[in-house]
Amino acid sequence: MTSPSLGKPKPQLSFWQIWNMSFGFLGIQFGFALQNANTSRIFETLGAEPSSLALFWAAAPITGLIVQPIIGFYSDRTWHPKWGRRRPYFAIGAFLATMALCIMPNSPSLWFAVGMLWIMDASINISMEPFRAFVGDMLPPLQRTTGFAMQSFFIGIGGVVASCLPYIFSHWLGISNTALVEGEMPDSVKYSFYLGAATLFITVMWTVFTTKEYPPEPHHQNLKNREKRKIENEEESKSRIQKVGMFLLLIGIVIIWLVNYLGNKYKELYLLGGGLVFFGVIHLLTVLYIRQGRGYLGLVHMVKDLNYMPKTMVDLAYVQFFSWFALFSMWIYTTPAVTSYVYNTNEPTSTAYNDGADWVSVLFGMYSGVAALAALFLPILAKYSSRRVAHFISLLCGGLGLISIFFIKEPNFLIFSMIGIGIGWASILSIPYAMLSGSLPPEKMGYYMGVFNFFIVIPQIIAATVLGFILEAVFGGQSIYILVFGGVCMIIASLLSLRVRSSEEVVV
């Protein structure tokens with residue numbers, strides 16, 4: 001594949017070229033779907049209390065917060081004549097994620113499982129983050145909504161199959177759905193993870209070997225040389241970064257002090273306070289490096305670019321915050337909510353609990369299936385309205401779907417809730433990235449796509465630190481109300497999406 005000439009638009013790719021470059025997302029979603037549908041089940045089987053689930057789940061967003069911007073930053077600066085820019089990261093992440101998926105269901109203890117979640121999520125993120133930048137690298141603006149929608153299609157298909165695997169193994173193939181030894185996972189779950197590992201590796205490597213990347217353009221080739229020089233607007237940048245760093249550091253210290261003053265009653269908030277302190281220190285360290293004349297360091301450029309994000313990205317940040325807070329609430333608490341509210345059991349070793357947990361896996365597969373179908377129609381809806389209107393409608397459907405679970409006591413009727421959630425999920429996975437990609441400097445596409453992940457993982461980290469408290473202090477331990485709360489958050493996100501203006505709004 002030849003590179004488009006400087007100043008000329010990228011050529012449009014064929015359907016099968018877009019298919020091949022997106023196919024790896026099928027396997028990546030196998031990994032994420034198995035993680036999302038079964039992690040709470042694994043934790044509870046190993047002895048976790050429902051009120052602690054959100055804190056244990058914090059491993060996943062924290063790894064994404066750290067890994068994705070770093071991978072994006074360095075993938076922008078990577079080039080190999082044979083492997084290209086993004087594909088080396090696809091391959092490395094696929095290998096590590098495959099190993100982690102095989103180990104996760106065999107965790108011997110709760111803390112081992114939490115640690116393995118860190119490793120598994122980091123590995124999947126190494127592969128996933130460059131896929132987002134891949135669309136911006138390879139497709140002209142006219143095809144980017146289609147490119148991200150194709151990724152959503154594969155995410156939906158992968159979610160359907162992977163989420164249903166425990167149910168398929170236990171109910172269709174007769175494989176045991178309960179473990180003989182307390183604290184072990186059933187064979188149905190173990191085999192699901194093994195199959196997911198194989199699928200992830202094969203599909204990602206398919207994209208690696210069937211897609212060729214464009215050689216570096218001049219703005220990529222000159223990126224490293226520009227960064228060796230003194231940073232632009234040094235005094236202004238230094239002042240802004242220092243103010244942000246001091247603010248984050250102060251807020252983090254106050255939160256930690258309050259938690260300690262209250263006698264560690266809300267110890268989950270240590271995570272939030274510690275994170276703010278960490279990023280405050282990183283900002284202040286950046287200021288120190290600038291004063292020392294070391295503005296060429298990668299850390300300096302990452303922090304500077306973080307503080308000078310494009311306006312479209314800032315507008316989308318608010319939408320992403322409420323969208324992903326709602327999703328994280330759903331992923332953590334759907335299993336305990338459905339098993340307790342619909343199946344009337346809180347005992348992880350009971351048959352009713354495992355039947356309910358299996359049904360949750362099926363429901364997650366169903367909303368993923370709806371998302372796969374909805375992804376085919378989103379480009380059409382965006383074309384005849386706008387991207388922001390399409391996102392508004394989709395998120396509204398998702399919020400109403402979550403809230404509707406409260407009004408349903410018959411397991412089979414939960415399918416209708418999944419329709420709305422699936423529509424919202426399809427849009428979350430495609431429309432924001434299509435709106436964002438045209439607003440980013442091409443030579444920093446990978447980094448900013450990684451930074452955009454902040455607005456996915458920060459609400460998840462906040463959810464991990466506050467949902468346990470909200471569950472016990474506000475909702476009396478009733479998980480179903482967390483899902484209603486999540487639905488309200490998604491409706492707020494839908495309204496905020498109407499404020500977003502994309503630089504390519506008329507081009508879908």
Side-chain angles (χ1 to χ4, degrees), residues 4 9-26 28-29 128 131-160 207 211 312-313 315-316 319-320 323 327 367-399 401 418-440 442 445 449 452 456 490 493-494 496-508:
K10 295 182 177 71
Q12 293 194 37
L13 301 187
S14 70
F15 171 84
W16 290 112
Q17 286 175 310
I18 299 175
W19 174 284
N20 287 336
M21 65 180 284
S22 304
F23 191 59
F25 244 110
L26 176 67
I28 289 174
Q29 187 56 27
M128 186 189 75
F131 265 100
R132 297 298 191 189
F134 209 36
V135 172
D137 290 344
M138 303 295 294
L139 294 177
L142 185 65
Q143 290 189 303
R144 285 177 183 168
T145 300
T146 301
F148 287 116
M150 183 71 80
Q151 289 185 353
S152 295
F153 172 77
F154 282 122
I155 289 172
I157 296 298
V160 171
T207 292
T211 305
T312 298
M313 190 171 179
D315 292 340
L316 282 168
V319 180
Q320 293 290 87
S323 300
L327 289 171
Y367 87 67
S368 295
V370 172
L373 294 175
L376 301 177
F377 295 97
L378 281 176
I380 300 173
L381 177 60
K383 179 179 180 179
Y384 287 102
S385 56
S386 67
R387 286 169 174 163
R388 67 177 186 274
V389 170
H391 201 41
F392 163 75
I393 294 172
S394 300
L395 291 179
L396 184 62
C397 290
M418 297 302 110
I419 294 174
I421 293 170
I423 295 171
W425 179 231
S427 188
I428 289 170
L429 294 172
S430 58
I431 296 295
Y433 297 96
M435 297 175 74
L436 178 66
S437 60
S439 304
L440 302 180
M445 184 75 70
M449 284 293 181
F452 196 53
I456 295 174
M490 194 168 288
S494 73
L496 290 173
S497 67
L498 295 175
R499 300 173 57 250
V500 181
R501 293 292 187 274
S502 171
S503 61
E504 295 174 346
E505 190 165 301
V506 297
V507 182
V508 298

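Everything numeric here is computed off the predicted structure, so don't read it as measured data.
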* Asked: Going through the checks in order, is the side chain to side chain contact (heavy atoms under 4.5 Å, CB included) test met by Phe25 and Phe153?
  -> CA-CA 9 Å; Phe25 244 110; Phe153 172 77; over 6 Å; no
* Would you indicate whether the side-chain heavy atoms of Arg387 and Val500 approach each other to under 4.5 Å? => no
* **Test side chain to side chain contact (heavy atoms under 4.5 Å, CB included) applied to Met445 and Asp137, step by step** => CA-CA 8 Å; Met445 184 75 70; Asp137 290 344; 4.3 Å; yes
* To do: Evaluate the side-chain proximity of Val135 to Tyr433: yes if any heavy-atom separation is below 4.5 Å, no if none is.
  => no
* Asked: So do Ser152 and Leu378 actually touch side chain to side chain, heavy atoms under 4.5 Å?
  -> no
* With sequence neighbours excluded, what pairs up with Ser494 under the side chain to side chain contact (heavy atoms under 4.5 Å, CB included) test? -> Phe392, Leu395, Leu396, Ile491
* How long is the gap from CE on Met138 to CD on Gln143, to the nearest 0.5 Å? -> 11.0 Å
* Any donor-acceptor pair under 3.5 Å linking the side chain of Arg144 with the backbone of Leu139? -> yes
* To do: Return the set of residues passing side chain to side chain donor-acceptor pair (under 3.5 Å) with Tyr367 (not counting sequence neighbours), or none when no residue passes.
  => Trp331
* Structure fact -> Between Ser439 and Met435, the two heavy atoms sitting closest are OG-O, 3.7 Å
* To do: Using the test side chain to side chain donor-acceptor pair (under 3.5 Å), find all partners of Ser427 that sit at least two apart in sequence or belong to another chain.
  => His391
* To do: Would you please name every residue forming a side chain to side chain contact (heavy atoms under 4.5 Å, CB included) with Ser368, sequence neighbours left out?
  => Val160, Trp425
* Please report the C-alpha distance between Ile421 and Met490 in whole Å, then the side-chain angles of each, then the deciding distance to 0.1 Å, and finally whether the side chain to side chain contact (heavy atoms under 4.5 Å, CB included) criterion is met. => CA-CA 10 Å; Ile421 293 170; Met490 194 168 288; over 6 Å; no
* Structure fact -> Ser430 and Ala149 have their tightest heavy-atom pair at CB-N, 4.0 Å
* Structure fact -> d(Leu381 CG, Ile393 CD1) to nearest 0.5 Å is 5.0 Å
* **By side chain to side chain donor-acceptor pair (under 3.5 Å) - contacts of Gln151 (at least two apart)** => Arg132
* **Rounded distance [0.5 Å steps], OG in Ser497 versus CG in Asp315** => 11.0 Å
* Partners passing side chain to side chain contact (heavy atoms under 4.5 Å, CB included) against Thr207 (at least two apart in sequence or in another chain) -> Phe23, Phe90, Phe131, Phe134, Thr211
* Could you grab the distance from atom CG of Leu13 to atom CE of Met21, nearest 0.5 Å is fine? => 6.5 Å
* Structure fact -> Rounded to the nearest 0.5 angstrom, the CD-CG distance for Gln320 and Leu436 is 9.0 Å
* Asked: Once you round to the nearest 0.5 Å, how far does CG of Asn20 lie from CE of Met150?
  -> 9.5 Å
